[in-house]
Novice: 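Got a structure here, written out as structure tokens. Questions coming.
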Amino acid sequence: MSIEIKNINKTFNKFDALKNVSLTVPDGQLVALLGPSGCGKTTLLRIVAGLEVADSGSILFHGEDATSQHVRDRRVGFVFQHYALFRHLTVFENVAFGLRVRPRKQRPSPTEIKKRVDDLLKLIQLQDLADRYPRQLSGGQRQRVALARALAVEPKVLLLDEPFGALDTKVRKELRRWLRRLHETMHITSVFVTHDQEEAMEVADLVVVMNEGRIEQVGTPDEIYENPVNPFVYQFIGHVNLFHGRLNTGQVRIGELDITLDPHTEVQMAPVVAYVRPHELEISRTSEDVAIAVTVSSIHLLGPMVHLELLPKDSSEVLEAELTKEHYRQLNLQKGDKVFVKPRKMRLFMGGK
Amino acid sequence: MTTPLNTHIQAATTEPRWIRYLLISLTLIFLTLFLLLPLIAVFTQALQEGINVYLTALIEPDALAAIRLTLITAIIAVPLNLFFGIAAAWAIAKFDFKGKSILLTLIDLPFAVSPVIAGLIFVLLFGLQGWLGPWLSAQNFQIIFAVPGIVLATVFITFPFVARELIPLLQAQGKEEEEAAIVLGANGWQTFWRITLPNMKWGLLYGVILCNARAMGEFGAVSVVSGHIRGLTNTMPLHVEILYNEYNFAAAFAVASLLALLALVTLILKTIVEWRVHQLS
């Protein structure tokens, strides 16, 4: 079941939460809405679910207009950020709820309900805890119950609001992988909201980067990482170093670096910003033709990687570099050493300060 | 778990022992003087002239009529305010609308207004000289100096109890569970009966207990609208006052002891409910 979002606008007390947002979620895909808090991603998710009404625009499920459909008729599964489990019901009854409230004619028989719920509990590996209450469960268990409850009504789409937000790192990683596997077996069109780029990159087929009520970029995790369309996306996906410079008749001058660009020869004296990821900075002991002289100001060892902070000679803006431990040993770096860095790859955006 | 080491550490973070004992004994003395002694006095006075006088005072027709009227009033007022209270709390906690704060203030009005004034409002509205009085008397329907007036005044006075108890509870619970129920296909009715009501049942019971205690014990407002007609419009508190004014102390305290018993039962129920709530959270 595909979801089409067309020209959605939403305003809360004069604050524009969503500005003319359009998006197509292809059938059977797992899509991440990624953005900083307050970018409108949760609002968009709630509008798709029908929990919030857009000021204008429309929502189509599989080509059918669902804009004015009531929440309970949309057949969506929704997993709330804080799970919203029914605190006075057991795990079993929580999962069974959606089946029990069906109109009598559509309601499965008690034995059928029991079987369906047991199957789901097996799926989330909580069959032994069926009689527990939500308050007796850990965060990760609650999350899985919330998911089973949403799946019990056989939704056409699954919507998850910050599904791993309130969990600790280890549980989060496990659940992420588990959700990915679940999606691979069920192939239900799913949209989840997150502010964690690593989470979006690892789990989703398609990442939608949002900022200030707009969609900045839609693409596969690889596309988003390799070809960010604008500085916001570049900065939001991973760490980045900024270099301010000028572009003049095909030549970019950044500090003491000169780089020749074949196109753009018609541009004269335009400010540009160059973005370089920490691992794209090459460090060497000896000066080369295009290199920046820096001083190593701090060294952090993070597992297999080494994180360096470098202070350029003629600037106060600290550069971040990342290299493997092996390479680090070869260079025999010490704090205070004078070395040279060269961007292996950089991306230029016109404008900037 | 308390180990010697633990108590030593705790001692550093609490007040010195003598201050704690001083505070505790001050509280105890205060409670004994102002609460426990009067309670004991009520029962000793009531039983002063023997158990027979005590029982006679309770089964005498006017006393029975007063007890009956008090029960009728509570039976009407408590369910009404249970209903109003849930409706008001539900509206305030789960929906956003204009004038919400005005509604909240209005709910508190009975707490802010002196009960005597509350009674007078009803006399002004429904009394013979009041706005609706002439019309009502033309319909041959009497409110003031009759049972309807007593019920109205009681409903007014006890209105905030259930609502005030539920609003903070519902606000703290938020509306996520209701949203979850609706997404799962439940209609409004099912959401209320299966989710909202079970979640607030202990708060609701607490509110009802307090509401009932006040409905049975209300004096001021009821006194203004009742007219003190013996055997007809006297509730228990009013009956106690009349007996007392007639220097019939044993009978007055006998009826009063019933009210005191009600208070004790209320307190016990309240404690049980509080304990249950504590267990759940």
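Scope of the values below: all heavy atoms of this structure, side chains included, with no hydrogens, waters or symmetry mates. These numbers were taken from a predicted model, which means no experiment stands behind them.
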Novice: Are more than 12 heavy atoms, taken from residues, nucleotides or ligands other than B:Y21, located less than 6.0 Å from that residue's OH atom?
Specialist: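 Not buried by this count: 12 neighbours or fewer within 6.0 Å.
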Novice: For the pair A:R72 (side chain) and B:I182 (backbone), establish whether a donor and an acceptor sit closer than 3.5 Å, ignoring hydrogens and angles.
Specialist: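 Flag not set: sc A:R72 to bb B:I182 has no pair under 3.5 Å.
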Novice: How long is the span from the CZ atom in A:R87 to the CD atom in B:E177, to the nearest 0.5 Å?
Specialist: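 A:R87 atom CZ to B:E177 atom CD measures 4.0 Å (nearest 0.5 Å).
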Novice: By a 4.5 Å heavy-atom criterion (distance strictly below it), what part of B:Q190 contacts chain A: side chain, backbone, both, or neither?
Specialist: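 The side chain, not the backbone.
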Novice: Just list the side-chain donor-acceptor pairs under 3.5 Å for residues 256-263 of chain B, sequence neighbours left out, or say none.
Specialist:
residue: B:S257; atom: OG; partner: B:Y54; partner atom: OH; Å: 2.7
residue: B:S257; atom: OG; partner: B:A254; partner atom: O; Å: 2.5

Novice: Sort out for me which of A:F97, A:F86, A:Y133, A:F78 touches chain B most, counting heavy-atom pairs under 4.5 Å.
Specialist: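 Among the listed options, the one with the most contacts to chain B is A:F86.
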Novice: Identify which part of A:L85 has an atom lying under 4.5 Å from any heavy atom of chain B, answering side chain, backbone, both or neither.
Specialist: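 Backbone of A:L85 only, per the 4.5 Å heavy-atom cut-off to chain B.
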Novice: Would you compute the distance between atom CG of B:N187 and atom CZ of A:R102 and round it to the nearest 0.5 angstrom?
Specialist: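 Going from CG on B:N187 over to CZ on A:R102, the span is 14.0 Å.
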Novice: Under a 4.5 Å heavy-atom cut-off, does chain B meet the side chain of A:V153, its backbone, both or neither?
Specialist: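 Side chain only.
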Novice: For A:A84 versus B:A180, what's the shortest heavy-atom pair and its separation?
Specialist: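 Looking at all heavy atoms of both residues, the shortest contact is O-CB, 4.0 Å.
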Novice: Would you mind telling me which of A:R100, A:H70, A:R74, A:R46 has the largest number of heavy-atom pairs within less than 4.5 Å of chain B?
Specialist: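 Between A:R100, A:H70, A:R74, A:R46, the count favours A:R46.
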Novice: Hey, is CD on A:E184 packed in by over 12 heavy atoms from elsewhere, all under 6.0 Å?
Specialist: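 Atom CD in A:E184 is crowded, with more than 12 foreign heavy atoms closer than 6.0 Å.
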Novice: Looking at every heavy atom in both B:V183 and A:V76, which two are closest together, and how far apart are they?
Specialist: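 Reported closest heavy-atom pair: CG1-O, 3.4 Å.
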Novice: Heavy-atom count check: over 12 atoms from other residues, nucleotides or ligands less than 6.0 Å from B:I19 CD1?
Specialist: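 Yes, the 6.0 Å shell around CD1 holds more than 12 heavy atoms from other groups.
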Novice: Taking side chain as everything from C-beta outward and backbone as N, CA, C, O, which of these in B:Q173 sits under 4.5 Å from a heavy atom of chain A? Side chain, backbone, both or neither.
Specialist: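 Backbone plus side chain of B:Q173, per the 4.5 Å heavy-atom cut-off to chain A.
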Novice: Looking at B:K100, I want to see if its NZ is surrounded by more than 12 non-hydrogen atoms of other residues, nucleotides or ligands under 6.0 Å.
Specialist: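 Check passes, neighbour count above 12.
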Novice: Under a 4.5 Å cutoff for heavy-atom pairs, which residue among A:R75, A:Q81, A:R149 has the most contacts with chain B?
Specialist: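 Heavy-atom pairs under 4.5 Å are most numerous for A:R149.
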Novice: With a cut-off of 6.0 Å (strictly less than), are more than 12 heavy atoms of other residues, nucleotides or ligands near CZ of B:F97?
Specialist: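 Counting neighbours around CZ of B:F97, more than 12 heavy atoms of other residues, nucleotides or ligands fall under 6.0 Å, so yes.
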Novice: Report yes if some heavy atom in the side chain of A:H88 is under 4.5 Å from a heavy atom in the side chain of B:I195; otherwise report no.
Specialist: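 In short, these two side chains touch, coming nearer than 4.5 Å.
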Novice: Can you name the residues of residues 79-87 of chain B that have some heavy atom under 4.5 Å away from a heavy atom in chain A?
Specialist: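 The residues closer than 4.5 Å to chain A amount to none at all.
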Novice: Could you tell me the separation between the CD atom of B:E176 and the CG atom of A:D161, rounded to the nearest 0.5 Å?
Specialist: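 Result: 8.0 Å between the selected atoms.
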